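Before any comments, here is the structure.
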Amino acid sequence: MRPSVTRFFIILLLLALAGLGLSLAIGSVSISPAQLWETLTGSPYSTNNTDDAGNTASQIIWQLRFPRALTAFLSGCLLGLSGVLMQVLLRNPLADPYILGVSGGAATAALLAILAGLSGFWIQGSAFSGAMLSMLLVYLLSRNGGSSNPFHLLLTGVVLASGWGALINLLLILSDKNTTHAMLFWLMGDLSTPQVSFEIAFGILLLAVITSWFLARDFNLLIYGEHKARTLGSKVRMIRRAALVLAAICTAVAVTMAGSIGFVGLIIPHLMRLIIGSDHRLLIPAATLAGGILVMFADLGARTVLAPQQLPVGVITAFIGVPLFLYLLKSRRPSQLTG
Amino acid sequence: MNNLLNIQNLHLSIAGKTICTELNWTVKPGQHWAVMGLNGVGKTTLFNTIAQLNRADSGKINMMDAPVDSYEPKQLAKKLGYLLQSLSYEFPQTVEEFCINGLYPHINRWEMVSDKHKESIRQALKLTGLNGFEKRLIHTLSGGEKRRLEICGLLIQNPLIWLLDEPVNHLDLHRQIQMMDILMKSARKNNGSTISILHDPNLVSRYCSHVLMLTGEGQYKSGDIQTLFDEDNLSALFKHNIKAIKHEDKTFFLAE
């Protein structure tokens with residue numbers, strides 16, 4: 001591996017650690033580095049922490065901030081990876097994890113659950129089912145004669161997504177004020193109440209990263225189109241199906257964990273392409289890590305910038321992402337970004 | 001092994017249009033075939049069918065005495081290379097990354113690019129005049145440079161049967177000759193064979209030994225150039241008067 005690539009991945013890892021440290025230390029109760037270190041090195045309910053301050057710090061860190069930072073990181077990772085997969089699958093640089101209506105399906109189902117007065121697990125459960133159902137619909141509807149072409153898939157997904165969008169608006173209009181607020185928060189990305197177990201989310205992420213990495217060389221061919229990939233011996237149909245399923249599961253888990261957080265899945269793959277190039281063997285791990293980092297920092301901003309008011313994390317990812325993206329667009333030749 | 005490619009009773013149509021009804025065609029090692037015909041007559045569709053990108057309505061396609069669809073995709077790609085008519089470049093990639101893709105059928109999933117492979121990439125870049133372009137992003141290349149890069153990718157793939165769909169597209173005259181020389185030479189080196197879709201009869205008579213003329217309505221003529229290349233056949237093929245002009249010991253064809 002080139003030294004510059006190694007250096008870049010080390011920087012990403014350090015950024016992830018820094019983001020985690022800051023997320024644990026900063027908030028309405030600030031925790032000093034010494035206290036943080038003490039809490040982290042001791043076990044969560046260490047008997048050393050008999051004094052009140054230590055106990056409170058430990059509780060804040062382990063019960064509030066750590067789960068939240070981890071939720072942010074994992075959902076960001078899932079979105080970064082899903083963004084790369086969708087862009088390859090649809091051969092479209094403008095594709096993002098939500099473009100095929102996965103999040104729309106999840107949101108519609110989640111809002112229905114909220115409207116029905118369900119809470120917690122049931123909302124997340126419906127969100128996940130909604131996401132998977134939506135993906136299944138896209139897949140079945142876009143199959144024509146066994147070969148699914150990217151444009152057909154894209155159009156089917158976009159049309160379904162706008163259908164979900166209309167349903168979401170209808171649900172928002174039909175519900176009372178309190179419910180609407182809960183719904184809006186869910187729609188814009190809510191990390192305050194993580195409902196998916198980290199073990200499951202992490203397991204799925206790991207599996208998805210490894211599988212996508214396994215297919216990275218095929219993705220390198222697929223960006224030139226199905227014909228080119230097939231003439232070089234890639235099993236395109238199987239690989240496209242795998243990419244669709246992986247992207248759908250990643251997006252579904254991310255949406256279930258944190259609602260729809262916009263922009264990460266679109267901007268992160270492009271950002272990483274600008275920095276390390278389009279070789280998917282590097283792009284996949286880089287976009288995964290960078291997505292997690294962006295959402296973790298965005299969440300830190302979301303809960304501290306206007307504290308005690310919490311902002312939806314999707315607003316912050318866009319606030320960080322839009323200027324960063326525009327700056328890169330301007331400083332590099334546009335031809336480097338898209339065809 | 002007598003035949004690289006043996007097509008029997010191939011029936012092929014696309015969107016209700018018949019391309020061939022009873023195509024029987026054999027390509028032997030060392031032959032250089034041209035496929036000629038008017039726009040839309042089905043030359044590319046025929047290539048796509050040979051390369052297993054399309055299905056034929058009926059008929060048999062054998063590659064080296066085995067049905068072409070019995071090969072594993074990677075095994076097929078080692079034997080059969082296909083220079084597509086054009087590629088689209090939606091995502092930024094460098095010339096070097098593109099070249100490594102050409103090795104796909106030859107290396108395992110986790111295999112690192114060996115020195116031998118690096119050397120083959122270096123050679124191919126040199127032959128196509130793209131040495132020094134390794135770090136360039138592909139969409140900063142000109143149309144002709146992109147075409148040379150696609151040819152470079154095929155040289156790295158290094159198949160036995162070379163399907164070339166308009167190989168000289170976008171190339172200047174000097175590069176047309178240079179690239180055709182390289183492609184024909186590379187195919188001959190392994191006792192392979194080229195099949196090129198070409199529109200210029202003079203390029204065909206310079207580089208090809210045989211020609212398959214798709215004359216429309218599912219009809220065709222095939223044979224060696226000496227027999228088939230005359231004013232009547234070419235005029236009928238192009239639906240345009242073609243004149244043969246003798247210069248020294250060669251015959252050139254001009255559209256009237």
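Only a predicted model underlies this, so the values are computations on that prediction, with no experimental measurement involved.
In this structure, the portions of B/Ser88 lying under 4.5 Å from any heavy atom of chain A include both its backbone and its side chain. Looking at B/Ile156, there are no atoms closer than 4.5 Å to chain A (heavy atoms on both sides), in backbone or side chain.
The side chain to side chain donor-acceptor pair (under 3.5 Å) test with B/Tyr104 is passed by exactly one of A/Asp218, A/Asn220, A/Thr231: A/Asp218.
Within residues 76-86 of chain B, the residues that have a heavy atom under 4.5 Å from a heavy atom of chain A are B/Ala77, B/Leu80, B/Tyr82, B/Leu84, listed by number.
Contact record, B/Phe91 with A/Ser278: CB-OG, 4.4 Å, taken as the closest heavy-atom pair. Heavy atoms only, all atoms of each residue included: A/Leu232 and B/Gln157 are closest at CD2-OE1, 3.4 Å.
When the shell of 6.0 Å around CH2 of A/Trp213 is examined, it contains 12 or fewer heavy atoms from other residues, nucleotides or ligands. Other residues, nucleotides and ligands contribute more than 12 heavy atoms inside 6.0 Å of the OH atom of B/Tyr71.
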A/Glu226 vs B/Leu53, test: side-chain contact (heavy atoms from CB on, under 4.5 Å). Steps then yes/no. CA-CA 9 Å; A/Glu226 191 166 336; B/Leu53 305 177; over 6 Å; no
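Taking NZ of A/Lys235 as the reference point, atom NZ of B/Lys74 lies at 8.5 Å (rounded to 0.5 Å). Remark: B/Ile100 CD1 to A/Arg217 CZ distance equals 9.0 Å, nearest 0.5 Å.
The closest donor-acceptor contact from the side chain of A/Arg273 to the backbone of B/Gln93 lies at 3.5 Å or more, if one exists at all.
A donor and an acceptor atom, one from each side chain of B/Asn101 and A/Tyr224, are nowhere located under 3.5 Å apart.
Every pair passing salt bridge (Lys or Arg N to Asp or Glu O under 4.0 Å) that includes a residue from residues 149-166 of chain B is listed here, sequence neighbours excluded: B/Arg147-B/Glu150.
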